[in-house]
Amino acid sequence: MPDVISQNLPFLMRGLATTLRIAGLTAAGGTLLGLAVGIAIHLRVAVLAASLRLYIEFVRGTPLLVMLFICYFAFPALLGYRTTAEQATILGFILFIGAYIAEDVRSGLRSIKPGLVQAALATGLTHWQALGLIVIPLALRRIIPTLFNQYVRLLKFTSVASVIGVQEFTGSAMLVNARVFAPVTILAFIALTYLVLCLLLSSIGRVLHARLAV
Amino acid sequence: MSYEFDWAPIWEARALILAGLATTVMLSAASLVLASIIGVIVGTAASSHRLAFRVGAGVTVEVTRNVPLLIHMYVWYVALAFLRLPPFWCGVLGLSVYSGAYVAEIVRGGIASVPDGQGKAALATGLTPFQTFFVVIYPQAFRIVAPSLANVFSQLIKDSSLASAIAVMELTYVAGAVEGQSFRTFEIYITVCGLYLLLVTIVTLALRFFSGAREQAPAMELASA
Amino acid sequence: MREPIIVLKEVSKAYGATPVLRRCSTAVAAGEVVVVCGPSGSGKSTLIKCINGLEPFQSGSITVEGVEVGAKGTDLPRLRMRIGMVFQHFELYPHMTALENVMLAQVHALRRSRSEARERGRELLDRVGLAEKADAMPANLSGGQQQRVAIARALALDPRAMLFDEPTSALDPATISEVLDVLVELAREGMTMMVVTHEMGFARRVADRVIFMDQGEIVEDSRKEAFFSNPASERAKLFLSKILFH
């Protein structure tokens, strides 16, 4: 390992930890949000469904960085609260990826044959039980590949948080670079790390898909 | 909620915002062209009969798209600073290489969806391999993958906002500047979102138009190829 | 006559302006086996799906053991537990093993303990001849095996009656008999059954009564012997001649 890296490794690893924390939290939060929104739209919950569609369309038309600025500057100004760069990042990423996951969830839900729900109802399960025991678990299994695509995107997104001053992996690396100036080594190191992490994440998705696909 | 809306400062900064929009359009357009060229070359290599080409293209695509776009931009802007490329072109190169990997995947899929016999038939009529691709295979593949291409291209336009991080004075960068002067935070970002949405819509409609128009006028392809 | 379990009175249903059921009336007594037949699109499947409230209907009434199916306050899940249903395309839950399929409603609708449900599930899988397939996924079972699992799933709730919606028409000819054998055995044990089917051999063997439907109407509702030897209507005669001698 080159000296620039090994000498700054603890600092870089702290950055990586922040990256993984943000990615983990936002993956969990985004999945929950996406599930809730996708299900609400699928069930055609009157006014709610229409406003949720609007949310999805808005997010899908907005660059991630602009979304971050909105959560870091615009929302606090509009609603009068204080936030840190990391909190804003987490909120922004959850709102952002949640819209994409909601679309995936919706298409997963649409792929379930109505006959399956009828069969569940015919055995005395309620509509909610059919949804919770059959429809949602099945839909989730079907969208595992796209879900993991979104997680990989999230992992790559985290680097953007450095633009608003979050000291995650990329931010830390650029700080090290500003001090020691070894851009080729440092960028190669972080690029390689992202590459390995992303490939790891997608292979987890592939294994899960192979195990759980129906 | 005590926020009072005031759109006047946005209107006053219109020249600046339009300049940013123009930069975003040029940045996106240049990247779109370059990404398409990269995508067609790599995607065609990935469909090759030669194993070495396939493996090479596959590795290129995986490595490229699993590294964050921001790193791609830093590579040109920071690591290769000795090339002294202007920030704009660093942005274009970063964006093109990154998006090119996505285009390559789509091109590979498109070529795979054209029946094998089509290429063989074209070669049998005496077309060169080059002509076969441009006259027979790409046009058919294009029609199939147009919707996916539209997705990648609209993603590219939105991703171009990251060029603000390497000091390209595009729309997002300008938004930050206007925000800093006027503190009309919400107004400026809503405006910027609207402008991105406009660009994305235009590209999506354009691609839909071209992929549809080609179906009605196949003769045009021959003439232009 | 024994006490009727299922009673239909003047049941009518339409999709928009298209009528699918026209004033259908009949009753099924405890222990009776009724075969419902008729050309495709005659409303047979819709009729039996109305009985457990899977399909709404616009007028008339259906009662199951005295409980009104179409009434507002009816606890449909509870009613459906008492009438098992088997579908044309099996509709097994693809993400669960055969045993889990049979256990699910026992645990979540009937509120049996998991161990009790598992025991009952194994017992029923054994009864339909699939004891060794308990841990198989539906995708790894043949059509006939899937349908037998579906029958076990319905029986697991100890229903008072069973509805079968063309249980063999999506099957390979080779596996039809393994499903019909299960049905015959059920009938012999005295299960109350309504079976929509084109299997006239099965009807001859086990049915007590045959209902013939055409264009949403119950055209004939007669004892098996009468139906096969001397159908009253021209439409039934035509149908029988097509289905028996093609």
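Quick note: numbers below take in every heavy atom, side chains included, and nothing from hydrogens, waters or symmetry partners. Letters A, B, ... mirror the listed sequences (proteins, then strands); counts begin at 1.
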Worksheet item: What's the shortest heavy-atom distance between A/Gly61 and B/Tyr196, and which atoms?
Response: O-CB, 3.9 Å

Response to the item:
Cut-off 4.5 Å, heavy atoms of chain B, and the answer for A/Thr158 is neither

Worksheet item: Do B/Val192 and A/Phe69 have side-chain heavy atoms sitting under 4.5 Å apart?
Response: no

Worksheet item: What residues of residues 97-112 of chain A sit under 4.5 Å from chain B when you count only heavy atoms?
Response: A/Tyr100

Worksheet, complete the sentence: So CZ of B/Arg65 and CZ of A/Arg153: to nearest 0.5 Å the spacing works out to 12.5 Å

Discussion item. Once rounded to the nearest 0.5 Å, what's the spacing between atom OG1 of A/Thr62 and atom CD1 of B/Ile190?
Written reply: 8.0 Å

With a cut-off of 3.5 Å and sequence neighbours excluded, list every side-chain donor-acceptor pair involving residues 11-28 of chain A.
from, atom 1, to, atom 2, distance (Å)
A/Thr18, OG1, A/Arg14, O, 3.1
A/Thr19, OG1, A/Gly15, O, 3.4
A/Thr19, OG1, A/Phe169, N, 2.9
A/Arg21, NE, A/Glu86, OE2, 3.2
A/Arg21, NH2, A/Glu86, OE1, 3.1
A/Arg21, NH2, A/Glu86, OE2, 2.9
A/Thr26, OG1, A/Ile22, O, 2.7
A/Thr26, OG1, A/Ala23, O, 3.2

Worksheet item: Could you state the interatomic distance from CG (A/Leu64) to CG (B/Leu162), rounded to the nearest 0.5 Å?
Response: 7.0 Å

Worksheet entry | Trace of the side chain to side chain contact (heavy atoms under 4.5 Å, CB included) decision for A/Thr170 with B/Tyr74 | CA-CA 10 Å; A/Thr170 305; B/Tyr74 285 155; 3.8 Å; yes

Discussion item. As an exercise, state the distance from CG of A/Leu187 to NE2 of B/His72, rounded to the nearest 0.5 Å.
Written reply: 11.0 Å

Worksheet entry | Which atoms of B/Glu187 approach chain A - backbone, side chain, both or neither, heavy atom under 4.5 Å | neither

Worksheet item: Where along residues 200-208 of chain A does a heavy atom come under 4.5 Å of chain B, listed by residue number?
Response: none

Worksheet entry | Spacing of CG belonging to A/Leu155 relative to CG belonging to B/Asn66, to within rounding of 0.5 Å | 9.0 Å

Worksheet entry | Toward chain B, the part of A/Val152 with a non-hydrogen atom under 4.5 Å | side chain

Worksheet item: Does the side chain of A/Pro63 reach to within under 4.5 Å of the side chain of B/Leu171, using non-hydrogen atoms?
Response: no

Item to complete: Quick one: do B/Phe186 and A/Phe73 satisfy side chain to side chain contact (heavy atoms under 4.5 Å, CB included)? Show the steps, please.
Response: CA-CA 8 Å; B/Phe186 206 76; A/Phe73 303 117; over 6 Å; no

Item to complete: Report, as yes or no, whether the 6.0 Å neighbourhood of atom OH on B/Tyr173 holds more than 12 heavy atoms from other residues, nucleotides or ligands.
Response: no

Discussion item. Using heavy-atom distances under 4.5 Å, tell me whether A/Met174 contacts chain B through its side chain, its backbone, both, or neither.
Written reply: side chain

Worksheet item: Does B/Lys158 reach the main-chain N or O of A/Val66 with its side chain, forming a donor-acceptor pair under 3.5 Å?
Response: no

Practice prompt. Applying side chain to side chain contact (heavy atoms under 4.5 Å, CB included), run through B/Leu70 and A/Val163 and close with a yes or a no.
Written response: CA-CA 9 Å; B/Leu70 192 59; A/Val163 176; 4.2 Å; yes

Item to complete: Answer yes or no: does atom OH of A/Tyr55 have more than 12 heavy-atom neighbours from other residues, nucleotides or ligands under 6.0 Å?
Response: yes

Worksheet item: Is the shortest heavy-atom distance from the side chain of B/Leu69 to the side chain of A/Phe157 under 4.5 Å?
Response: no

Practice prompt. Could you please state which residues from residues 190-199 of chain A sit under 4.5 angstrom from chain B, measuring non-hydrogen atom to non-hydrogen atom, sorted by number, or 'none'?
Written response: A/Ile190, A/Ala191, A/Tyr194, A/Leu195, A/Cys198, A/Leu199

